[in-house]
Amino acid sequence: MQFERLDIADVVLLKPKKFGDARGYFMETFRRNLFEEMVGPYQFVQDNQSLSADVGTIRGLHFQLEPRAQGKLVSCIAGAILDVAVDIRSGSPTYGRHVAAELTAENGHMLWVPPGFAHAFCTLVADTKVSYKVTDYYSPEHDRGLAFDDPDIGIEWPMPTGQAVLSGKDKQQPKLRDLGTAFTFSSAAS
Ligand SMILES: Cc1cn([C@H]2C[C@H](O)[C@@H](COP(=O)(O)OP(=O)(O)O[C@H]3O[C@H](C)C(=O)[C@H](O)[C@H]3O)O2)c(=O)[nH]c1=O
């Protein structure tokens, strides 16, 4: 497994080793000791899975407020996504900036999105399945979002935003400028 820190260092791209043979492939997708050594002492408590039928489905930008903030380890188990993490930690030198990675069932890559980041993805093919582990339980009271097409964040989605397939909730998310202080940045490793 390779761990690659992205331009926002707290966001990590994990690249499992694939062992291919005539039957197909095998790969280890998670090892607690390695994750704790390379990323941090996070504990996962819930696994999620979503299926998006249409190309250009955008889910997010979503996050949970403290004290129910979630770290997410995101993988694509069918199809392909552009996965995006936005730094929303007040005081962070990269506040409002984002990083993105292409996660596909083929490459097996996974993205670690720490607490303090908003998360979204866009599907690149039909019938895309995303599977992800989270470090705190779902809490509707703490569930929040930001506009996926917020010009102050400036995510370059792979298709015109007017063509995005969205939930009703994601069609009317607030802008980053209206967020206030949701998280505060700690210079200690997140
Ligand atoms: C997230 C979640 C949702 N739900 C229920 C609530 C709704 O009735 C239904 C769909 O929820 P939502 O529209 O928020 O699902 P997504 O748009 O896929 O949102 C997720 O996708 C983006 C990319 C994220 O980063 C979050 O993990 C998550 O918000 O599932 C649950 O019961 N448990 C959960 O953990």
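Of all heavy-atom pairs spanning Gly91 and Phe185, the tightest one is C-CB, 3.6 Å. Across Val11 and Ala85, no two heavy atoms sit closer than the pair CG2-CB, 4.2 Å. Taking each heavy atom of Phe148 and Gly60 in turn, the nearest pair found is CB-O, 3.9 Å. Of all non-hydrogen atoms in Pro67 and His142, the two that sit nearest each other are CD-NE2, 3.7 Å. Nearest heavy atoms, Lys175 versus Ala147: CD-CB, 4.4 Å. Residues Arg5 and Val39 share a closest heavy-atom pair of NH2-CA, 4.5 Å.
Distance check: Arg89 CZ to Thr184 OG1 gives 10.0 Å after rounding to the nearest 0.5 Å. Distance CD/Glu156 to CD1/Ile153: 13.5 Å, rounded to 0.5 Å. The structure places CG of Leu73 at 7.0 Å from OG of Ser75, a figure rounded to the nearest 0.5 Å. Taken to the nearest 0.5 Å, the CG atom of Asp87 stands 7.5 Å off from the CG atom of Asp10. Once rounded to the nearest 0.5 Å, the distance linking CG of Asp7 with NE2 of His98 reads 10.0 Å. For the atom pair CG (Leu179) and CG (Asp152), the distance works out to 12.0 Å, reported to the nearest 0.5 Å.
In terms of modelled atom types and a separation under 3.5 Å, the side chain of Gln49 and the main chain of Ser131 share no donor-acceptor contact. Side-chain atoms of Gln46 come within 3.5 Å of backbone N or O of Tyr138 as a donor-acceptor pair. Side-chain N or O atoms of Asp150 include one that pairs as donor or acceptor with a backbone N or O of Leu176 at under 3.5 Å. Not one N or O on the side chain of Thr94 forms a donor-acceptor pair closer than 3.5 Å with the backbone of Arg97. Not one N or O on the side chain of Thr181 forms a donor-acceptor pair closer than 3.5 Å with the backbone of Ser90.
Contact of the Ile88 side chain with the Phe63 side chain is registered, since non-hydrogen atoms from C-beta on lie closer than 4.5 Å. Side-chain contact between Thr123 and Asp54 is absent, with no heavy-atom pair separated by less than 4.5 Å. Within the 4.5 Å cutoff, no side-chain heavy atoms of Pro16 are placed close to those of Glu28. The closest side-chain heavy-atom distance from Lys72 to Pro115 is not below 4.5 Å. In this structure, Leu103 and Leu13 have side chains that are in contact, with non-hydrogen atoms separated by less than 4.5 Å. Contact check for Arg59 versus Ser167: no side-chain heavy atoms found under the 4.5 Å cut-off. Here the side chains of Gln173 and His62 are in contact, with some heavy-atom distance below 4.5 Å. Residues Cys122 and Ile81 form no side-chain contact, since every pair of their non-hydrogen atoms from C-beta on lies 4.5 Å or further apart.
Using a 4.5 Å cut-off between side-chain heavy atoms of Ile, Leu, Val, Met, Phe, Trp and Tyr, with links allowed through other members, Val99 and Leu82 fall into different hydrophobic clusters. By the criterion of side-chain heavy atoms lying less than 4.5 angstrom apart, applied directly or through intervening Ile, Leu, Val, Met, Phe, Trp or Tyr residues, Met1 is not grouped with Ile77; the two fall into different hydrophobic clusters. Phe3 and Trp112 fall within the same hydrophobic cluster, where Ile, Leu, Val, Met, Phe, Trp and Tyr residues are linked whenever their side-chain heavy atoms come under 4.5 Å apart, directly or through other members. Hydrophobic clustering (ILVMFWY, side-chain heavy atoms < 4.5 Å, transitive): Phe121 and Phe117 are in one cluster. Leu111 and Ile58 fall into different hydrophobic clusters, where Ile, Leu, Val, Met, Phe, Trp and Tyr residues are linked whenever their side-chain heavy atoms come under 4.5 Å apart, directly or through other members.
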Please step through side chain to side chain donor-acceptor pair (under 3.5 Å) for the pair Gln64 and Glu141, ending with a clear verdict. CA-CA 9 Å; Gln64 289 192 173; Glu141 302 74 43; over 6 Å; no

Side chain to side chain contact (heavy atoms under 4.5 Å, CB included) between Val12 and Leu6, worked out: CA-CA 6 Å; Val12 183; Leu6 300 184; over 6 Å; no

Could you walk me through whether His109 and Asp83 satisfy the side chain to side chain donor-acceptor pair (under 3.5 Å) test, starting with their C-alpha distance in whole Å, then the side-chain angles of each, then the deciding distance to 0.1 Å, before giving a yes or no? CA-CA 11 Å; His109 293 176; Asp83 207 33; over 6 Å; no

Given side chain to side chain donor-acceptor pair (under 3.5 Å), test Glu106 with Thr104 step by step and report yes or no. CA-CA 5 Å; Glu106 175 58 33; Thr104 72; over 6 Å; no

Verify side chain to side chain contact (heavy atoms under 4.5 Å, CB included) between Gln43 and Glu36, making sure each step is shown before the conclusion. CA-CA 9 Å; Gln43 306 292 323; Glu36 290 190 358; 3.2 Å; yes

Could you go step by step and tell me if Asp47 and Tyr132 meet the side chain to side chain contact (heavy atoms under 4.5 Å, CB included) rule? CA-CA 6 Å; Asp47 282 358; Tyr132 51 109; over 6 Å; no

Mind running side chain to side chain contact (heavy atoms under 4.5 Å, CB included) on Asp149 and Ile155 for me, showing each step along the way? CA-CA 7 Å; Asp149 57 351; Ile155 299 169; over 6 Å; no

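Crowding of Asp178 atom CG: a count of heavy atoms from other residues, nucleotides or ligands under 6.0 Å exceeding 12.
Taking the six-membered ring for Trp and the full ring otherwise, Phe30 and Phe35 have centroids separated by under 6.0 Å.
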